[in-house]
Each structure stands twice: as structure tokens, then as C-alpha cells.
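First up is the structure itself, then whatever we jot down about it.
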Protein chains: 2
Amino acid sequence: MAPRDTVESPMRRPTIADVAELAQTSRGTVSFVINNRPGVATATRERVLRAMRELNWTPNRTARALSTSRAYAIGFILARDAMALSSDPFFAPFIAGMETRLDESGHFLMLRFANSHESERAAYLRLMEQRRVDGFVLSDLTQDDYRFDLLAEHSFPAVTLNVADRSTRLPSVSRSDEPGVAATVQHLIELGHRRIAYVGGPFHYLHVARRRATWEATLRDSGIEPGPAIASDFTASGGSAATAQLLDLPKNERPTAIVFANDLMAASGMSYALNRGLRVPEDLSITGYDDFELAAFLSPSLTTVRTDPTAWGAAAVDHLLALINGDDPSDLALPPPTLITRDSTGPAPQ
Amino acid sequence: MAPRDTVESPMRRPTIADVAELAQTSRGTVSFVINNRPGVATATRERVLRAMRELNWTPNRTARALSTSRAYAIGFILARDAMALSSDPFFAPFIAGMETRLDESGHFLMLRFANSHESERAAYLRLMEQRRVDGFVLSDLTQDDYRFDLLAEHSFPAVTLNVADRSTRLPSVSRSDEPGVAATVQHLIELGHRRIAYVGGPFHYLHVARRRATWEATLRDSGIEPGPAIASDFTASGGSAATAQLLDLPKNERPTAIVFANDLMAASGMSYALNRGLRVPEDLSITGYDDFELAAFLSPSLTTVRTDPTAWGAAAVDHLLALINGDDPSDLALPPPTLITRDSTGPAPQ
DNA sequence: TCATTTTTCTAAAACGTTTCGTTTTTGCCA
DNA sequence: TGGCAAAAACGAAACGTTTTAGAAAAATGA
């Protein structure tokens, strides 16, 4: 007679009940052990731990999520199109910074790119309604941002990147860009420039408006009339077009230096100027913002402002998790970014 | 006596039970309606739909996930450091492409950046053990990739980007890069170049090795001895260093054209060459790969190969979801990328 | 030793779906 | 009109955790 094997249902993943049985205790106790809560005798705790190891069991997060009504994930929704995104050197390191902290706390990141306002709104709603995240990190704040009301209606926690333009109960994690822009403009003034133009992004973004305002204020403080300012779009093609527009000005209005709101526009604008036969920095000084990887390797290398998106991402997550855990974190200001002087800026032409 | 209000528990989100009650039916029926399965009378179906609308109810995905043991999410784990990632123009549009399809099917993307081999492995394990995803998209295949065994052990579905170097039950979604590289080399040969160098990435990546092999094969097919090949690292600084190394060769070995494995290295290498006083393309022709945003706006503009990562991402997700749903999709080959000829390539110097 | 407190542990009820076996209703035909 | 099959609806169990009320056991004090 063939031996009768104990027939195990194939591949069934062990559950907390299996662990409890092996450790000769109840499921409740196992739960207490893994969440290390008091009230479990040392001997029992060790039996449970041994059983866990033996069965190679890890708690099923879905079940836990249902039970605790926590998702153990946070949402990050970007309303930019993918192309703009891939060339924006901010997000990848920012996300990586977030993940270092998420990893430690066992959370995951739900990322979504939205290419329209409607799909952005829909993504927030779905994530909230389906309870798939515990909170959000809000970037790209705009004037009177609709997301504040949206999240408030569902009483969802979130942290904002930079401070909002109106009062909100959401804490912010910000890195002021005023000092970086001010330092850039100051640097150009010291080099003797007097016609300093600005090429920014869409002004409904708060940080865009703020940087532009800083450029203007710094010039006025030095008694210099601000040169032309152009609202561009952060893209390479926008940078070229804006530069063309500036260089087409009559000679006595034409800027001798251009402050760009990001490196991509700066690099593109610089190429355009070189193509037109201008020398950089002898005829035209150029500055960027971000210190993207190529900045140091362009010809000439690009004077720019280095931010630290990784640290920012980590701080944002720390703050958000604290908020989710019921703490009441205040606004947090990170140290300002620093100006990196390279070869694309030089003394103003005579 | 004060009127006795019906005290509602504040803010409780409606559940399927509330909908069932309002529609005067059972939870099972409501479930049938939302998953539009047969066996529900039209009248009942409409009562349910009305109740859903009235209560503004959407099913809780966590509960559904627990019940169906499906996570409604897929995993994408990138073992690159954030800096390299931010400058790689592939991933953002690829992810965006994935999301268009994920969105349609109600799935989400679990994204993780891993900065070490260990954390990569741990991320796969956690996602699988906790059942937080239904499958994976595997990118950056390496020689004898360990992930095949890892996923097989847990019998998790996945699709690979490009075909593996060994047999695996995982279907692939690939875009062959041979034609792009071949077209590039051919283009240079037609321009009269005979010393054509190659600057690639780490050769343990399959696609890196394959591109390099194509460069070599195309040259040999034309009876040309391949010039020097350098294994670089896809970074701007690597591109500069490799270019320096090539330009330092004795004049009769020095290449008249360099084929770079990505645009970032190409842009950086080009700047380096210009800085050394060479003219591009008169003295040196340069090609890239990716067609990143800046490529058209560099000076000179960069000849490169345009891939379509967005379409690739969409196809990968379609394939993966089919696999998850129990279909048995075969390998899929997307149309090859195309060469974009710009100003960084020209006739070989005499 | 016994009452009392404290600690440890258990059993059962949640969490919000899906699924499945059964019962009820409907529709059809003789 | 009664009988029967098919369609529709129901109710309960299941998914795998956490949490809570209370039982059991251990520790404490008189």
C-alpha cells in the first residue's frame, strides 16, 4: 500500500493563523508581537518569533490595511506632461529622497503623472475615495490652488512643497528660492551688468512668480531698472524662443545678461546665442537654475543654482508621515540653495 | 423638549451595505452590478446604480483586494541611482506611457528606486510577499539576471523590456536597438568616416552589449576595422572623460566620429571637443541616442536616435495585464526607433 | 490562605468586499 | 391552473489582519 502523504494545499501562503497554531497561541497574540505592543510574556514572544521565522511569514499588508484602514502608501501626483518631466532634473532625485524614508517606514509610493487638469483631479479623487494612500505630497503649488479644498473636503493629510499663498491647515516643507535668485542677480550686478533680463515659467506657479519677484526686487534694491521679463515654459524650445526675442531688441535695450528659471532653458538659450555668433560670456552672460548634470559639462559651463532635491524629498516624507501619525508638525524651512559660479558669466561688455 | 436628531456617525464613508439597503437589495447583488455580471434584473440594476450615485459610493479597493487577492497595482523597480536616473530621458516618458494604460484599467503604479543591489532585491521581495502588486515590469536586464529565479520562486508574473539572454517563461516587450545603431553607423560611413569610435555603458547590461555589438558588426560588414570602444557609464562626466581619452590618441588612430550610447554623454563629449578647439562636425562628428529634449537645441544640434518610450510603456503594461488576467501573451516586438540627422554629423575631414 | 490587583492571553467582532450554495421569484408551457 | 425550469436574489462564509472585552493566570498583599 502506498504511503499516505499529508496532502498540503499547494503553495498556500501562511497566514497569521498558521503562525499562531505553530506557536501554540492565538492570532491576537501574534498580532501583538509583530506590532510589538506590551502585554506579551517573553517566552510567548519568542515562540511566536520562532514560528514566524520557521514559516517564513510576513503579514499581508492588504489585510492589515483593511483592518486599520490605512493604506501604507502615499500619493504624489504630477500635473506635467512626461516630456517636460523627463527634462526637469528636480523630480527624480526628489522622488528618490522620498523613497529613502518611505522604505524605512514600510510605506510605498503611488506615483501618477497627469497630463490634464481633469485627470489630475480624477487621480486625487480616486486615490482618496479608494483609500489607496494615507496622504499626499503637493508640488507645483499654484495661485489659490484648488487642491486645498479638494483635500479638505475629504479631510486628507498632505504637506506642500513651499508655502501656499493663502492660509491652510496643511504644513509646508519649503526651500526658499529667494536667496538663490538674489545671489545670482547680485553676482551679475557685481560683474557690471545693468541690463539683466529674466526668463521664467508660467507665472501662475507660485515658485515661478516668487523667483521673478526676487529678480525684480534685487535689481531695484541696487537702483537698477529691471530689464525685460519673459514668461516662458521651462522647455528647451521655450528657452530658445525667449532668447531670440531678447536678442532681437534694439541694441540699447538688449540685455547683457539673462537669468533663466531653469537649466534646460538656459542651455538651450545659450546654444541659440552661440549660434547667432555671440560669445558667452564675453557678449552675453547666462545663468540657470537646478544645476542639472550637464551644467558643468556644457561649453561654456553653466553658472547656476544648486538645490538639493533629495534632502527635500526625505524631509517632505518625514513631515507627512508625522502628520499621518497624528502629530501636528509645523512649517519647515530647509537651508537655501547655493549659487555655483562657472564660465557662462563674466564681466559685462563695455 | 429638544427635538431628537437622528445622530449620524460623522463622516462615515458609505459601504456596499449602505448601497444595498438603499436599493432594497443585498450586498451580493450590488457587487454583481458594479462588476457588471449577468443575473441582475434591469430594474434592480437601476435601483442599485441610483443608490450608488445618491450615496456617492465607490468600492473600497483595499477590501476588494483582500477579497480577490489582487492588488490592482503593478511594480516597477529601478536599480539606478537617482542622479543617473534624472538625466536618463527614457524613464519619465516610459512611466507616463505605462500610466495611460494603468489608469484605464484602474491599476496603480508602485514605483521604487533602489540604490543598491540589496535594496533592489528587498524591494522585489517585499512587494511580492506583501502581495502589494500583481506583477512587474523588468527593465535593465543584465546577463543571467537573478530576477528570473526570484520571480519564478514566487510564481509572479512579469514582462521584460527586451528579450533575455536565456530562456524564461516571461514574455518580453522589446524595441530592437540594432536598426537605430546600424543606421547611425551607416550614416557616418556614407559621410566618409573610417575611424568611428563607440562610447557605451556598463557592458553587463544586455542592451548595452547589444548596441556595441551592432556598431561593431555594421562596421565589419562594410569592411571597416572598428575603432576604439569605451565602456563608460551613461553620465555627463563619463562622456567627457571618454572623449578626452579618444582625442588624446595619436593622430592616425584618432576617430573622426564618435557614436555615443546616449545623448547625455554625447552632449558632454561634444562640449569637451569644442572646448579643445575642435569644430563639430568639421573635425569630429558626434551622434547620440534617445533624442532628449535638448538635442535639437544644442549648438550644433545633435544627430541622434529617437525612441518612443511612451508607446513602449503602454505596450508593456498591456502585455503585463494580459498576463495577469491569465492570457498567455507571446513576445512582442515594437517598431524600431529612427535616426534623426542633425548638424553634429558631417563629411569626414580629409 | 484568600482576596485583590496586575499581567497575559483568548475568542470574537470588526474592516468592506467577493463568491458561492440556496432559496425565492418569475416565466413558460401543458 | 399547476408544475417546472430558468432567472434573480439572498445570506453567509471567506479573504487575513487588528482590536477589544473579558477570561484565565500570575503576582501581590494582608
Side-chain angles (χ1 to χ4, degrees), chain A residues 9 11-49 51-52 55-73 106 126 128-132 134 325, chain B residues 9 11-49 51-52 55-73 106 126 128-132 134 325:
Chain A
S9 78
M11 281 293 170
R12 197 177 67 79
R13 167 168 305 275
T15 75
I16 198 172
D18 301 318
V19 176
E21 189 184 5
L22 184 60
Q24 304 178 71
T25 180
S26 68
R27 292 178 301 172
T29 303
V30 176
S31 176
F32 274 45
V33 169
I34 58 174
N35 293 300
N36 40 68
R37 292 164 44 150
V40 179
T42 331
T44 317
R45 159 167 284 116
E46 290 191 339
R47 253 183 302 131
V48 169
L49 291 174
M52 282 176 51
L55 295 178
N56 192 24
W57 171 80
T58 37
N60 177 319
R61 285 270 169 174
T62 308
R64 172 181 285 185
L66 181 61
S67 193
T68 58
S69 47
R70 283 260 242 139
Y72 299 98
R126 269 177 64 175
M128 287 192 292
E129 284 173 349
Q130 300 179 173
R131 284 273 183 276
R132 304 212 30 164
D134 299 320
N325 286 329
Chain B
S9 79
M11 283 293 170
R12 195 177 67 79
R13 166 171 304 274
T15 76
I16 198 173
D18 300 318
V19 176
E21 189 184 6
L22 184 60
Q24 304 178 72
T25 181
S26 68
R27 293 179 298 172
T29 303
V30 176
S31 177
F32 273 45
V33 169
I34 58 173
N35 294 300
N36 41 67
R37 291 163 45 150
V40 179
T42 329
T44 316
R45 160 168 285 116
E46 289 190 342
R47 254 183 300 131
V48 169
L49 291 173
M52 281 176 52
L55 295 177
N56 193 22
W57 171 80
T58 37
N60 177 318
R61 284 270 169 175
T62 308
R64 171 179 286 184
L66 181 61
S67 193
T68 59
S69 47
R70 283 260 243 136
Y72 298 98
R126 269 175 66 175
M128 289 192 290
E129 284 172 349
Q130 299 178 173
R131 285 270 182 279
R132 302 209 33 161
D134 299 320
N325 286 329

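Sequence lines set the chain letters: A, B, ... in the order given, protein chains first and strands last, and positions in each chain run from 1. In this text the structure is predicted, and so the values were computed from the model without any measurement.
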So, [X] side chain and [Y] main chain: donor-acceptor pair closer than 3.5 Å or not?
X: Thr68(B); Y: Arg64(B); value: yes
X: Asn35(B); Y: Phe32(B); value: no
X: Asn36(B); Y: Val33(B); value: no

Could you check how far [atom1] of [X] sits from [atom2] of [N], rounded to whole Å?
X: Arg64(B); N: dG16(C); atom1: CZ; atom2: C1'; result: 11 Å
X: Arg131(B); N: dG16(D); atom1: CZ; atom2: P; result: 9 Å
X: Glu21(A); N: dA11(C); atom1: CD; atom2: P; result: 13 Å
X: Arg70(A); N: dT17(D); atom1: CZ; atom2: P; result: 18 Å
X: Ile34(B); N: dT17(C); atom1: CD1; atom2: P; result: 7 Å
X: Ile16(A); N: dA11(C); atom1: CD1; atom2: C1'; result: 14 Å
X: Asn36(B); N: dT18(C); atom1: CG; atom2: P; result: 12 Å

Q) Counting only side-chain N and O atoms of Arg37(A), is one of them less than 4.0 Å from OP1 or OP2 of dT19(D)? A)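 Yes.
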Q | Nearest heavy atoms of Ile16(A) and Arg27(A), plus distance in Å | A |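 Here Ile16(A) and Arg27(A) meet closest at CD1-O, 3.7 Å.
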Q. Near Glu129(A) CD, under 6.0 Å, is it more than 12 heavy atoms from other residues, nucleotides or ligands?
A.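 Check passes, neighbour count above 12.
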Q. Base, backbone or nothing for each nucleotide of nucleotides 4-15 of chain D, written B, S, -, heavy atoms under 4.0 angstrom, 5' to 3'?
A. ----SSB--B-B
Q: Indicate yes or no: at least one non-hydrogen side-chain atom of Tyr72(B) is less than 4.5 angstrom from one of Arg132(A).
A: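 They are in contact (side-chain heavy atoms under 4.5 Å apart), so the answer is yes.
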